[in-house]
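First up is the structure itself, then whatever we jot down about it.
Numbers here simply count residues along the sequence, with the first being 1.
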Amino acid sequence: MKIMYCITRSNWGDAQANVYGLIEDQITNNNQVILVVGETGELTRRVEKLDNVEIIYLSELKRSLSPYDDFRAVMRLRKIIRSHRPNILHLHSSKAGAVGRLATIGLINKPIVIFTAHGWAFTEGVGSKVKIVVYAYIEKFLAHFTDKIICVSKFDYDLAVKKKIFNSANQGIVIYNGVDTPTCITHSEKSLGKVIITILNYGRL
């Protein structure tokens, strides 16, 4: 099976870590993997060390809005999909999700299209009320060209349901980001004594 992943940025973050883990897993399953990305960075540096992964740089794919670059990104990605004919197109990040789904419209050999939403652009507090309405409308439109929408949290899933993004009851699904389980050293209550245990929750805004 041939799987094409597409993501806008290559700096290391939750979305990039998710893509990297998926690529590693698909290589283990002997699937052919293609990564389409808008820039070089930590993600591409790590993927370059893996075997049997083709990296395609799509310089027109940028995070900032640009009608000219966005149109070119759609058309070029459409050509890439046509020439490589992946079985699955898995899109990550809002921009890559929009560009990728627009690129598949009308394709004869359209791949299965999966979009992972690493947070929604129409989340309350992220932008103005006008932007929230516009972004929700865009996602609702793009959902018509999506086979499956993955949300990485129940909050994002519930928000998508509230905004009526999904076309069907089973189009959306929650799959939490996973992490490797670290090796922990356990202590009995007696050995801990009066030691103060500090728990740190790390995240990125």
4.5 Å side-chain heavy-atom contact, C6 and L91 | yes
Min side-chain heavy-atom separation Y176-K154 under 4.5 Å = yes
Shortest non-hydrogen contact from C151 to W120?
-> SG-CZ2, 4.0 Å
Check whether the side chains of T8 and R63 place a donor and an acceptor atom closer than 3.5 Å, and report yes or no.
-> no
Hey, does Y57 have a side-chain heavy atom less than 4.5 Å from the side chain of S10?
-> no
Does the side chain of N11 come within less than 4.5 Å of E39's, by heavy atoms?
-> yes
For the pair S66 and R72, evaluate side chain to side chain contact (heavy atoms under 4.5 Å, CB included) and give the outcome as yes or no after the intermediate values.
-> CA-CA 10 Å; S66 169; R72 291 179 64 203; over 6 Å; no
Taking all heavy atoms of V174 and all of Y157, pick out the closest pair and write down the distance.
-> CG2-CB, 3.4 Å
Under a 4.5 Å side-chain heavy-atom rule over Ile, Leu, Val, Met, Phe, Trp and Tyr, are I114 and I34 clustered together?
-> no
Roughly how far, to the nearest 0.5 Å, is the NZ atom of K49 from the OG1 atom of T44?
-> 11.0 Å
Is a donor on one side and an acceptor on the other found under 3.5 Å between the side chain of Q171 and the backbone of T146?
-> yes
Do the non-hydrogen side-chain atoms of K140 and K163 ever get within less than 4.5 Å of each other?
-> no
CD1 of I173 to NZ of K148: how many Å apart, nearest 0.5 Å?
-> 5.5 Å
Should L65 and K95 be marked as a side chain to side chain contact (heavy atoms under 4.5 Å, CB included) after you check the CA-CA gap, both sets of side-chain angles, and the distance that decides it?
-> CA-CA 9 Å; L65 291 175; K95 175 56 80 67; 4.1 Å; yes
Residue among V134, I149, I165 satisfying side-chain contact (heavy atoms from CB on, under 4.5 Å) with E139 | I165
Within a reach of under 6.0 Å around CD1 of I112, are more than 12 heavy atoms found that belong to other residues, nucleotides or ligands?
-> no
Cluster check Y135, F166: I/L/V/M/F/W/Y, side chain < 4.5 angstrom = yes
CG of N87 to CG of N31: how many Å apart, nearest 0.5 Å?
-> 8.5 Å
Side chain proximity check, I138 to F122, heavy atoms < 4.5 angstrom = no
Flag side-chain contact, heavy atom, 4.5 Å: H84 against E54 | yes
Evaluate whether atom NZ of K110 has more than 12 neighbouring non-hydrogen atoms of other residues, nucleotides or ligands under 6.0 angstrom away.
-> yes
Please say whether more than 12 non-hydrogen atoms of neighbouring residues, nucleotides or ligands are located less than 6.0 Å from CG in N29.
-> yes
Indicate yes or no for a side-chain donor-acceptor contact from N167 to the backbone of A143 under 3.5 Å, with no hydrogens or angles considered.
-> yes
Report the distance from atom CZ of R85 to atom CG of L107, rounding to the nearest 0.5 Å.
-> 10.5 Å
Taking 4.0 angstrom as the limit, do R45 and E42 come out as a salt bridge?
-> yes
Test side-chain contact (heavy atoms from CB on, under 4.5 Å) applied to T104 and I81, N109, L77, V74, the passing residue = I81
Could you tell me how the ring of F141 sits relative to the ring of F145: parallel (under 30°), tilted (30 to 60°) or perpendicular (over 60°)?
-> perpendicular
H90 NE2 to D147 CG distance, which is reported to the nearest 0.5 Å | 12.0 Å
Taking every non-hydrogen atom, the tightest pair across S94 and G119 | OG-O, 4.5 Å
Determine whether L22 and H92 make a side-chain contact, defined as any pair of heavy atoms from C-beta on separated by less than 4.5 Å.
-> yes
I23 reachable from I150 in the ILVMFWY side-chain graph, under 4.5 Å edges | yes
Side chain to side chain contact (heavy atoms under 4.5 Å, CB included) evaluation trace for T116 with V152 = CA-CA 8 Å; T116 295; V152 298; 3.9 Å; yes
Between the CD atom in Q32 and the CE atom in M4, the distance rounded to the nearest 0.5 Å is 9.5 Å
Give a yes or no on whether the backbone of R9 and the side-chain of Q16 come within a donor-acceptor separation of less than 3.5 Å.
-> yes
Cluster check V47, I88: I/L/V/M/F/W/Y, side chain < 4.5 angstrom | yes
Establish whether L58 and I3 are linked, either directly or via other cluster members, by ILVMFWY side-chain heavy-atom contacts under 4.5 Å.
-> no
Where does the angle between the aromatic ring planes of Y20 and W12 fall among parallel (under 30°), tilted (30 to 60°) and perpendicular (over 60°)?
-> perpendicular
